[in-house]
Amino acid sequence: QVRLVESGGGLVQAGGSLRLSCAASGSIGSINKMGWYRQASGKQRELVAVIPSGGSTVYADSVKGRFTISRDNAKNTVYLQMNSLKPEDTAVYYCNAVLRRALELRWLEVWGQGTLVTVSS
C-alpha cells in the first residue's frame, strides 16, 4: 500500500513562514508529478503548486513569489516552503502524487490526510 504522509503544519503569525513536507512510502515504482492543494473552510479544494518529474513548476497566482515547491526524488518527498504568510492562506493543505506501484503500469492518484495551516492576523 502506498501512502503520503504530510508534516509541518501549525499556527503562525501573518508574515511568518512554514515548511510542509510530504513523504511517499510503500512499494513505489515511480512518481510522476507531486503537488500541494489546499481547502479553506467552506471553500473548494484548490491547487497551490505542482512539480512534475520533469519540466516547470506551476503555482497558483495567489502564492507566486511567496511559496516554493521542491522535491527530493531519492526520498520520494515533496516540500512546500511558505513565506510571507497571510491569513487567507489558512487552510488544510493536502499532498498529492501521481505514481505507479512497483511492478505495475497503471498510474494512480494518491492524496495525503492533510495538515492544517493557520495564519493569525
Side-chain angles (χ1 to χ4, degrees):
Q1 185 176 358
V2 175
R3 295 176 61 207
L4 299 179
V5 179
E6 301 113 331
S7 60
L11 174 64
V12 65
Q13 288 189 331
S17 297
L18 281 175
R19 187 189 194 213
L20 305 182
S21 299
C22 170
S25 64
S27 184
I28 297 170
S30 60
I31 300 178
N32 187 344
K33 64 177 181 177
M34 301 187 80
W36 292 93
Y37 292 72
R38 67 186 181 187
Q39 187 167 17
S41 180
K43 295 188 178 181
Q44 288 188 330
R45 191 173 298 189
E46 63 177 4
L47 171 73
V48 176
V50 173
I51 183 167
S53 58
S56 301
T57 56
V58 175
Y59 292 94
D61 288 343
S62 59
V63 307
K64 283 181 182 176
R66 299 188 298 122
F67 291 10
T68 302
I69 189 171
S70 61
R71 63 190 280 180
D72 184 333
N73 292 326
K75 296 181 179 179
N76 290 331
T77 299
V78 63
Y79 306 96
L80 186 67
Q81 178 65 44
M82 305 185 293
N83 299 328
S84 303
L85 282 161
K86 304 175 182 180
E88 51 263 44
D89 294 317
T90 295
V92 177
Y93 284 70
Y94 295 92
C95 178
N96 172 273
V98 175
L99 53 80
R100 291 192 292 205
R101 295 192 183 107
L103 304 181
E104 293 187 7
L105 298 178
R106 180 168 60 106
W107 291 103
L108 303 174
E109 183 174 38
V110 182
W111 292 90
Q113 80 285 355
T115 184
L116 178 62
V117 172
T118 303
V119 184
S120 63
S121 57

hydrophobic_cluster_shared for [Y] and [X], side chain cutoff 4.5 Å:
| X | Y | answer |
| --- | --- | --- |
| Ile31 | Val50 | no |
| Val110 | Ile28 | yes |
| Val2 | Met34 | yes |
| Leu80 | Ile51 | yes |
| Val98 | Trp36 | no |

Does [X] reach the side chain of [Y], with side-chain heavy atoms less than 4.5 Å apart?
| X | Y | value |
| --- | --- | --- |
| Arg106 | Arg101 | yes |
| Arg38 | Ser62 | yes |
| Asp89 | Met82 | no |
| Thr68 | Tyr79 | no |
| Val117 | Leu18 | yes |

On a heavy-atom basis, which atom in [X] and which in [Y] lie closest, and how many Å separate them?
| X | Y | value |
| --- | --- | --- |
| Pro87 | Ala14 | CD-CB, 4.1 Å |
| Trp107 | Ser30 | CH2-OG, 3.7 Å |
| Ala91 | Leu116 | O-CD1, 3.6 Å |
| Ser17 | Asn83 | OG-OD1, 2.9 Å |
| Lys75 | Thr77 | O-OG1, 2.9 Å |
| Ser70 | Val78 | O-CG2, 3.2 Å |

Donor-acceptor pair, distance only, cut-off 3.5 Å: does the side chain of [X] make one with the backbone of [Y]?
| X | Y | value |
| --- | --- | --- |
| Arg100 | Gly29 | no |
| Glu6 | Gly114 | yes |
| Tyr59 | Ile69 | yes |
| Thr118 | Thr90 | no |

statement: Between the CD atom in Glu109 and the NZ atom in Lys33, the distance rounded to the nearest 0.5 Å is 6.5 Å

field: Euclidean distance, Leu11 CG relative to Gln13 CD, rounded to 0.5 Å
entry: 8.0 Å

message: For Phe67 and Tyr93, take the angle between the two ring planes, folded into 0 to 90°, and tell me which bin it lands in: parallel under 30, tilted 30 to 60, perpendicular over 60.
response: tilted

query: Between Asp61 and Lys64, is the closest basic N to carboxylate O distance under 4.0 Å?
result: yes

